[in-house]
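As structure tokens, the structure follows; a few thoughts come after it.
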Number of protein chains: 8
Amino acid sequence: ERIGLSEAVFCAGKTPQQIAAILQSASERDAGLLLTRLDAEKFAALPGELKAATEWCPLSQTAFFGPVPPVSSAGTIAIVAAGTSDAPAAREAERTLRHAGVEASVIIDVGVAGLWRLMDRIEEIRRFPVVIAVAGMDAALASVLGGLYSGSLICVPTSVGYGAAEEGRTALNAMLASCAPGLVITNIDNGYGAACAALRMLGVMKLR
Amino acid sequence: ERIGLSEAVFCAGKTPQQIAAILQSASERDAGLLLTRLDAEKFAALPGELKAATEWCPLSQTAFFGPVPPVSSAGTIAIVAAGTSDAPAAREAERTLRHAGVEASVIIDVGVAGLWRLMDRIEEIRRFPVVIAVAGMDAALASVLGGLYSGSLICVPTSVGYGAAEEGRTALNAMLASCAPGLVITNIDNGYGAACAALRMLGVMKLR
Amino acid sequence: ERIGLSEAVFCAGKTPQQIAAILQSASERDAGLLLTRLDAEKFAALPGELKAATEWCPLSQTAFFGPVPPVSSAGTIAIVAAGTSDAPAAREAERTLRHAGVEASVIIDVGVAGLWRLMDRIEEIRRFPVVIAVAGMDAALASVLGGLYSGSLICVPTSVGYGAAEEGRTALNAMLASCAPGLVITNIDNGYGAACAALRMLGVMKLR
Amino acid sequence: ERIGLSEAVFCAGKTPQQIAAILQSASERDAGLLLTRLDAEKFAALPGELKAATEWCPLSQTAFFGPVPPVSSAGTIAIVAAGTSDAPAAREAERTLRHAGVEASVIIDVGVAGLWRLMDRIEEIRRFPVVIAVAGMDAALASVLGGLYSGSLICVPTSVGYGAAEEGRTALNAMLASCAPGLVITNIDNGYGAACAALRMLGVMKLR
Amino acid sequence: ERIGLSEAVFCAGKTPQQIAAILQSASERDAGLLLTRLDAEKFAALPGELKAATEWCPLSQTAFFGPVPPVSSAGTIAIVAAGTSDAPAAREAERTLRHAGVEASVIIDVGVAGLWRLMDRIEEIRRFPVVIAVAGMDAALASVLGGLYSGSLICVPTSVGYGAAEEGRTALNAMLASCAPGLVITNIDNGYGAACAALRMLGVMKLR
Amino acid sequence: ERIGLSEAVFCAGKTPQQIAAILQSASERDAGLLLTRLDAEKFAALPGELKAATEWCPLSQTAFFGPVPPVSSAGTIAIVAAGTSDAPAAREAERTLRHAGVEASVIIDVGVAGLWRLMDRIEEIRRFPVVIAVAGMDAALASVLGGLYSGSLICVPTSVGYGAAEEGRTALNAMLASCAPGLVITNIDNGYGAACAALRMLGVMKLR
Amino acid sequence: ERIGLSEAVFCAGKTPQQIAAILQSASERDAGLLLTRLDAEKFAALPGELKAATEWCPLSQTAFFGPVPPVSSAGTIAIVAAGTSDAPAAREAERTLRHAGVEASVIIDVGVAGLWRLMDRIEEIRRFPVVIAVAGMDAALASVLGGLYSGSLICVPTSVGYGAAEEGRTALNAMLASCAPGLVITNIDNGYGAACAALRMLGVMKLR
Amino acid sequence: ERIGLSEAVFCAGKTPQQIAAILQSASERDAGLLLTRLDAEKFAALPGELKAATEWCPLSQTAFFGPVPPVSSAGTIAIVAAGTSDAPAAREAERTLRHAGVEASVIIDVGVAGLWRLMDRIEEIRRFPVVIAVAGMDAALASVLGGLYSGSLICVPTSVGYGAAEEGRTALNAMLASCAPGLVITNIDNGYGAACAALRMLGVMKLR
Ligand SMILES: Nc1ncnc2c1ncn2[C@@H]1O[C@H](COP(=O)(O)O)[C@@H](O)[C@H]1O
Ligand SMILES: Nc1ncnc2c1ncn2[C@@H]1O[C@H](COP(=O)(O)O)[C@@H](O)[C@H]1O
Ligand SMILES: Nc1ncnc2c1ncn2[C@@H]1O[C@H](COP(=O)(O)O)[C@@H](O)[C@H]1O
Ligand SMILES: Nc1ncnc2c1ncn2[C@@H]1O[C@H](COP(=O)(O)O)[C@@H](O)[C@H]1O
Ligand SMILES: [Mg+2]
Ligand SMILES: [Mg+2]
Ligand SMILES: [Mg+2]
Ligand SMILES: [Mg+2]
Ligand SMILES: [Mg+2]
Ligand SMILES: [Mg+2]
Ligand SMILES: [Mg+2]
Ligand SMILES: [Mg+2]
């Protein structure tokens with residue numbers, strides 16, 4: 001039987017009460033859940049017994065509720081991020097993959113303004129069939145990687161930056177308009193979506 | 001040896017003279033070339049002997065110059081387009097794949113305003129590990145497919161439509177913000193890029 | 001005599017003092033009022049006796065002050081929402097209709113990423129002459145419904161989503177540019193306006 | 001049996017050859033067709049016998065091909081346009097309705113900069129259960145009508161104007177943000193869509 | 001000697017310390033000052049003796065510090081606002097004029113969704129050589145007034161509204177693209193600027 | 001009796017046939033007409049006798065049809081333009097004023113990149129109670145004039161420039177956000193509107 | 001050996017913990033650090049001993065951690081700001097230069113709405129080979145300076161203003177579209193970047 | 001005596017007649033002129049004797065009229081362009097510099113999608129104190145160069161690309177938001193401005 005993404009709850013537009021109800025119902029079905037965009041305040045407001053069954057990550061604002069599948073795949077996906085400010089989206093991707101049983105390798109702080117940092121790691125990166133590239137501001141990392149790496153390259157623009165960074169739209173547009181061929185792009189800060197796309201490629205995505 | 005995308009020339013910003021020079025040089029190297037965004041006027045302006053060696057497709061504004069590799073892969077990629085107005089981008093993807101030796105299956109006119117058209121073909125679509133979905137205006141096809149199909153789904157927004165379609169930006173944004181998980185997106189009308197992304201997934205992309 | 005929307009107060013730009021004055025004056029005229037965009041803080045700040053005469057709904061941030069007309073019409077309007085995050089706008093529509101004596105039927109969580117959820121309810125939906133469709137992000141629900149349902153379809157885009165969802169503009173534009181014919185659209189999150197449009201269709205709108 | 005909108009062809013993205021093929025096929029089925037966005041050049045390029053069977057309107061760039069149903073409804077829909085520059089969209093709505101057997105009344109040049117022009121006709125307008133309001137630039141006609149008329153008001157923004165008119169986006173946004181309650185809006189210049197919405201209201205829309 | 005606008009301080013980007021220093025210095029010169037965009041928190045943070053010399057208006061967030069000139073002109077300027085939500089900008093204009101010795105007449109809640117409200121006051125309005133029209137959302141008041149009133153019409157768009165109101169840009173663009181001739185426009189919510197423009201027309205503006 | 005702007009025809013969205021019909025009707029009423037946005041092609045397509053009665057200006061694309069009132073006012077309005085590329089909008093204002101009997105003074109090529117050009121003329125400019133300032137690109141002329149001149153200052157942004165000039169939006173926004181107090185603004189390239197505003201100030205605007 | 005910008009830390013997207021770790025590591029290497037976008041709350045949250053080694057500037061939200069190089073260059077760079085609201089970006093540039101050993105001269109409040117303020121200082125400004133011009137709203141200072149000063153002119157748009165100032169985009173676009181030749185521009189509020197550009201010009205930039 | 005940019009004429013908004021008049025006047029003063037944005041049609045329409053004195057470059061649409069100063073400086077400025085489609089802006093910069101007596105070195109087709117092309121030339125590039133970088137689409141070249149080169153880096157975004165390239169706005173924003181410190185930017189396609197900025201740096205700019 002194929003491994004799949006059992007269920008994910010997008011918490012941004014939900015009250016703690018609504019989230020608690022979803023967790024309660026999952027608990028009754030003995031189902032595991034991935035929660036995304038769960039901020040500290042909402043996590044704190046969950047009833048004690050539900051909170052106890054929830055492993056929450058402050059950096060990515062994701063949580064695992066209930067059973068998490070064992071690791072069933074490794075060495076297939078690398079997550080490459082330009083700077084430490086891009087870490088939240090990178091971690092969201094990493095945790096989404098982990099919740100589907102896939103262990104990803106993460107490489108942070110290889111932005112192209114210091115090109116040697118990327119060049120030092122490029123052979124390592126080339127060993128993965130799928131790479132998730134995470135970058136904000138000018139997103140130049142995506143184009144440079146696109147010219148150096150020939151596997152599947154999923155690009156996640158981030159909202160890092162100010163002014164002309166336009167809350168991630170500049171990174172998004174730069175990735176879409178990249179001079180390197182065959183990049184594919186997700187929504188701004190959407191580490192969850194990039195992970196799901198990688199799972200589709202690995203053939204482990206199971207539709208609900 | 002791996003099959004690859006030998007070379008592609010983006011003709012939109014080039015004069016017939018510049019294009020002729022590139023063809024001439026490729027001809028001397030006995031190299032095959034894919035040309036994109038080559039309009040009728042520029043094609044007509046090429047010198048006779050170069051034109052004779054060029055197989056031009058008016059719908060997609062692409063051309064094959066010189067040798068084209070034989071088909072080495074089939075049954076792996078389906079191109080699914082919402083309407084006949086989306087055919088140019090779909091054909092650009094099909095021709096880019098063909099120039100890399102990959103024969104794609106093309107399914108047109110399955111937009112969701114007539115949902116049964118898509119439902120009639122969905123089992124056929126599910127047999128392909130990679131699907132390229134091409135749609136303009138509201139791009140609802142991408143979200144519906146994303147919920148019905150669990151393989152790799154590469155989405156190409158098109159500039160079809162007027163007013164609020166905003167020259168493809170609405171289709172682009174709707175695909176990026178889709179409620180279906182794991183879609184990946186290319187630039188507007190970028191059938192070439194979607195094909196390259198599919199080649200990356202098939203492991204047949206060779207970087208220049 | 002025709003049933004009408006006696007009076008509505010848009011509270012977003014008003015102070016509790018201003019709102020209290022309006023309620024006081026309505027109370028003296030024995031008039032009933034619908035209040036929209038009344039947040040918890042402003043509701044809490046109203047004087048006790050006015051608050052006691054006000055039935056406030058936290059989800060939709062609407063309130064009924066004073067007399068509410070009895071239900072005089074039912075079975076004519078369905079409100080169909082894509083996800084639970086769209087519930088506030090759906091409830092605003094429902095409450096606006098109720099304040100005009102119209103009882104609507106509400107169907108939530110039938111977004112097209114899980115198409116069977118909509119297909120399970122489609123026969124039920126088809127029985128209503130007027131449907132209000134509420135959806136954010138890609139708003140694909142509107143296009144799919146537009147192809148399956150032939151009555152009046154009033155579409156409310158919501159601000160649900162992030163990044164390319166552009167605070168509801170993507171849903172708005174996708175609905176406006178829909179490939180399904182004859183959809184009509186309201187402002188983002190404007191459940192109130194959709195309800196008023198439905199009342200105009202039912203012939204129960206009375207201009208102030 | 002209900003009267004319906006048999007079929008409509010959006011010609012903007014199609015070649016004369018593609019349009020001719022569609023007409024030929026309709027001719028074989030003895031079906032009538034509505035064509036929209038058919039410009040003079042494309043109409044001229046159609047084969048003679050097909051052109052002879054096509055009644056083309058230069059102002060609205062619409063055409064009737066083959067049989068047109070007799071008028072089966074009149075006095076139900078008024079089309080009200082602010083200025084003569086708004087006439088193309090108004091006529092597109094009128095012709096779409098006529099092709100479905102509905103005769104609309106058209107009132108042009110009642111923009112609010114000369115308010116008396118509208119006031120002179122308001123009693124006449126009030127007799128129709130459905131009004132289609134067509135306006136560009138500031139689209140103030142929609143708000144003024146919305147306060148004077150209590151039936152169904154379908155608003156069509158037009159691309160008339162320059163600079164801050166932003167190709168119709170200002171009219172579109174002004175209609176969406178109108179201070180009058182219960183207006184519903186279509187895409188810019190979309191007379192066809194407004195007519196289809198009116199047909200949905202009259203209960204004569206038949207989905208293809 | 002001409003009456004002028006002695007000095008105005010835009011407080012939005014200033015700390016209470018910086019504002020106190022400016023007041024202190026004006027106090028030493030016995031100069032009167034107009035302060036704009038002074039919020040409650042900043043006003044509260046001013047040293048007691050300066051606060052005592054400051055007449056603050058919470059609605060418009062303006063303040064008069066020190067001497068205010070006597071009224072030297074009245075009956076020349078009317079300020080006409082569409083709704084109560086537009087009152088802050090209207091009051092900012094009124095107070096700026098008052099600080100220059102000009103007493104304006106204010107007419108609120110004459111938005112065009114209830115046209116009779118405006119028609120009831122139009123003769124009164126026509127008596128003023130200069131009118132400042134304040135409106136948000138669709139700003140239709142400006143166009144209707146522009147057709148009914150032939151004096152100088154200064155239009156102030158406000159940020160009232162949500163969604164397609166785009167924080168005042170829709171009102172701004174609608175006023176700029178108005179079908180009524182000869183309207184002039186200021187920045188969004190800029191009651192201060194409209195008052196200064198009126199003072200230029202009255203010939204009482206004195207440049208610093 | 002007051003002098004007024006008898007009638008103006010905006011030709012941009014009209015066919016030569018429609019324009020000819022309007023001229024014919026004016027001719028029968030012995031009325032004079034101002035035509036704006038009348039391009040060379042449309043002017044050439046007018047019937048000979050109507051063309052003969054039309055004085056057309058290629059720079060501003062305006063025309064006087066029939067009787068033009070004698071000059072009844074001079075020395076009241078100066079039109080100041082930054083560069084020769086701004087001349088079309090400046091001339092449109094000049095001709096609109098002239099058609100209402102007002103002779104304006106025109107000062108061109110005083111852009112602030114060569115500040116002495118403006119300083120050489122500033123005393124002359126200060127003699128006029130009303131100034132129309134016309135500028136594109138950065139529109140810095142408006143702000144500099146706003147600090148040097150204390151009369152009524154009507155600003156017309158032009159679409160001169162490329163890239164970040166954004167077809168006049170940058171000039172428009174810069175004028176609206178000017179640090180000089182009391183500027184008023186018209187739509188992009190709207191010399192006609194600026195002239196009408198000036199006529200309102202002079203008290204010579206007569207509403208149609 | 002050349003003087004260089006040892007290291008800069010952009011604190012906007014970092015937690016106090018992350019910043020503390022960076023300071024700790026620099027402290028161990030005896031390295032000096034420049035910190036930008038460090039707000040009061042984050043500064044306060046740093047551990048006591050690190051805070052003690054940090055010289056924080058509230059106006060510019062910059063800090064010097066550890067050793068600061070002595071002044072090695074003066075009289076080469078002037079920073080000219082339009083208003084006091086532009087002071088934060090001006091100070092960020094000044095402090096970045098100081099941290100690289102360069103003492104800049106700062107001239108504030110010379111906006112062009114009061115042109116004499118700039119003219120009074122222009123001879124002084126002309127003595128510097130490099131000028132950094134800081135301005136928000138209409139940014140007219142940049143164009144005027146560009147015409148009066150012939151050295152290197154680095155322009156920093158600021159987010160000062162409201163409405164049409166569009167959070168600095170209007171100033172940015174106006175500087176980019178300036179009618180004065182040879183201006184160069186940085187991101188909005190990017191005093192740091194302007195200082196780095198000046199250091200590149202002085203030949204003192206050392207890449208990390 | 002310093003070498004300067006005698007005079008430049010921006011032809012985009014001028015008629016051949018206006019341009020001829022400017023050339024005639026320069027000819028009478030024996031002055032040399034640089035013309036920019038002079039397209040083939042306008043050049044062809046110039047009177048014969050003026051055309052004979054004009055050296056026109058079709059690629060950059062620039063022309064030298066009359067005397068051109070001898071080369072007085074070389075080896076100081078490199079122009080580096082990402083692709084052949086960026087050549088027009090690169091050539092505009094080159095020709096502007098040449099007209100001021102400065103010979104630039106030009107390096108084309110070093111876009112980062114093929115990183116080795118740039119790395120092969122980087123030592124050569126590092127020898128120049130000033131570099132003008134020209135790139136469209138994602139403009140990643142600017143960021144990569146910014147990390148490898150420590151001299152003055154003037155960046156020119158180009159309008160090359162489609163869809164998300166947004167006519168050069170994506171390249172512009174990516175350069176402004178670059179993760180590399182101290183880049184300075186000009187308007188889209190503004191090779192002329194970049195050259196003028198370089199002349200300011202070389203101290204050879206002479207203000208008109
Ligand atoms: N961070 C995220 N970004 C985008 N989509 C998400 C995210 N997290 C969850 N989702 C999607 O949202 C769905 C859940 O939505 P809901 O039913 O409203 O909780 C999931 O099944 C995913 O498809
Ligand atoms: N239609 C297209 N859309 C996007 N990129 C393209 C397209 N066609 C070619 N390219 C890319 O552009 C490169 C060639 O650019 P050039 O050297 O300017 O001809 C190719 O290697 C492709 O990566
Ligand atoms: N949520 C809402 N969205 C849009 N318009 C509203 C809303 N609530 C009330 N309105 C309209 O605003 C009017 C009241 O505005 P006001 O007089 O400012 O309270 C009502 O008559 C409605 O037409
Ligand atoms: N509310 C306002 N909106 C626009 N400009 C204003 C406002 N209040 C004051 N100003 C302008 O800002 C100037 C003062 O700016 P500042 O020197 O920064 O206090 C005044 O002279 C006015 O020209
Ligand atoms: Mg870093
Ligand atoms: Mg179709
Ligand atoms: Mg859900
Ligand atoms: Mg008219
Ligand atoms: Mg009201
Ligand atoms: Mg000039
Ligand atoms: Mg100041
Ligand atoms: Mg190339």
Salt bridge (Lys or Arg N to Asp or Glu O under 4.0 Å) contacts touching residues 78-91 of chain B (sequence neighbours left out) = B:Arg91-B:Glu94
Looking at [atom1] of [X] and [atom2] of [Y], how far apart are the two atoms once the value is rounded to the nearest 0.5 Å?
X        : Y        : atom1 : atom2 : result
A:Cys196 : B:Leu153 : SG    : CG    : 12.5 Å
B:Ser152 : A:Leu199 : OG    : CG    : 10.0 Å
B:Met175 : A:Thr186 : CE    : OG1   : 14.5 Å
A:Leu183 : B:Ile185 : CG    : CD1   : 13.5 Å

B:Glu167 atom CD, neighbour heavy-atom count above 12 within 6.0 Å = no
Are any of the side-chain heavy atoms of A:Leu176 and B:Leu172 separated by less than 4.5 Å?
-> yes
Taking every non-hydrogen atom, the tightest pair across B:Val184 and A:Ala197 | CG1-CB, 3.5 Å
Between the side chain of A:Arg200 and the main-chain N/O of B:Tyr149, is any donor-acceptor distance below 3.5 Å?
-> yes
